[in-house]
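Shown next, in structure tokens, is the structure this report addresses.
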Amino acid sequence: MEKIQAVERFQEVIAQPQTVIAVFKTSWCPDCHFIDPFMPELEAQYDGKATFVEVDAEQLLDVAQEYHILGIPSFVAFKDGKETIRFVNKLRKTRPEIEQFADRAIAVSEAI
């Protein structure tokens, strides 16, 4: 998963016509580390359907604030530079919940 380091790169990535799912995390968040072991498999599962990118909510604070990221990890889907759907709350996310979100995000993008 590409770790976005700059606002410009974030804007470039979310502008793609394919579903892009930004995963907002921080280095100190235990729930963020909980998802780390299965995220590579999840990315492979959605290869060709969605691109996952990681955004450090503290490093790119302006982006996190722009998208009102209050709980982490948070998942926000984009297509053509516009937010399509989000999975944001303060609770730990499970793999099935993330898969369900990714499926919905792809369905929404295809419907647009």
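Bear in mind the structure is a predicted one, so any value in this text is a computation, not a measurement.
- With contacts defined as side-chain heavy-atom distances shorter than 4.5 Å, the pair Val13/Ile4 qualifies.
- Criterion: ILVMFWY side-chain heavy atoms under 4.5 Å apart, direct or through other members. Under it, Phe10 and Val20 are part of a common hydrophobic cluster.
- Rounded to the nearest 0.5 angstrom, Phe24 CZ and Ile72 CD1 are separated by 11.0 Å.
- Here the closest non-hydrogen pair linking Gln5 and Leu60 is O-CD2, 3.8 Å.
- Cluster membership for Val108 and Val23, using ILVMFWY side-chain heavy atoms within less than 4.5 angstrom, is shared.
- Both Phe101 and Met1 belong to a single network of hydrophobic side chains, linked directly or stepwise wherever heavy atoms of I, L, V, M, F, W or Y lie under 4.5 Å apart.
- Using a cutoff of 4.0 Å between basic side-chain nitrogens and carboxylate oxygens, Lys25 and Asp36 are scored as salt-bridged.
- Side-chain atoms of Asp56 and Lys3, non-hydrogen and from C-beta on, never get closer than 4.5 Å to each other.
- Note: Thr94 OG1 to Glu99 CD = 8.5 Å, rounded to the nearest 0.5 Å.
- Taking the side chain as every heavy atom from C-beta outward, Tyr46 and Asp103 approach each other to under 4.5 Å.
- A cation-pi geometry, defined here as NZ or CZ lying under 6.0 Å from the six-membered ring centre and within 45° of its normal, does not hold between Lys93 and Phe34.
- The two residues Asp80 and Pro17 come nearest to each other via the heavy atoms OD1-CA, 3.1 Å.
- A donor-acceptor pair under 3.5 Å is formed between the side chain of Asn89 and the backbone N or O of Leu91.
- Residues Arg95 and Gln100 have side chains that never bring a donor and an acceptor to within less than 3.5 angstrom of each other.
- Across Ala64 and Ala57, no two heavy atoms sit closer than the pair CB-O, 3.6 Å.
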request  = Please step through side chain to side chain contact (heavy atoms under 4.5 Å, CB included) for the pair Thr19 and Thr84, ending with a clear verdict.
outcome  = CA-CA 9 Å; Thr19 303; Thr84 57; 5.7 Å; no
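- For the pair Gln18/Lys79, no side-chain contact is recorded, criterion being any heavy-atom separation below 4.5 Å from C-beta on.
- Annotation: side chain of Glu54 is not in contact with side chain of Met39 (no heavy-atom distance under 4.5 Å).
- Closest approach of Ala50 to Ile21, counting heavy atoms only: CB-CD1, 4.3 Å.
- Rounding to the nearest 0.5 angstrom, the gap separating the CG atom in Leu61 from the CD1 atom in Ile69 is 11.5 Å.
- Note: Gln16 CD to Glu12 CD = 8.5 Å, rounded to the nearest 0.5 Å.
- Scanning both residues, Pro73 and Asp31, for their nearest heavy atoms gives CD-CB, 3.8 Å.
- Pro40 and Pro37 get closest at one heavy-atom pair: CD-O, 3.8 Å.
- In this structure, Arg9 and Glu2 have side chains that are in contact, with non-hydrogen atoms separated by less than 4.5 Å.
- A distance below 6.0 Å separates the ring centres of Phe78 and Tyr67.
- Note that CD of Glu41 is 11.0 Å distant from CD of Glu43, once rounded to the nearest 0.5 Å.
- Looking only at side-chain heavy atoms (C-beta outward), Ile35 and Phe75 come within less than 4.5 Å of each other.
- Here the straight-line distance linking atom CD of Glu110 with atom CD1 of Ile106 works out to 7.0 Å at 0.5 Å rounding.
- Residues Leu42 and Ile98 meet the side-chain proximity criterion, which asks for heavy atoms closer than 4.5 Å.
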request  = Before giving the answer on side chain to side chain contact (heavy atoms under 4.5 Å, CB included), spell out for Trp28 and Glu58 the whole-Å C-alpha distance, their side-chain angles and the decisive distance to 0.1 Å.
outcome  = CA-CA 10 Å; Trp28 52 264; Glu58 291 181 323; 2.9 Å; yes
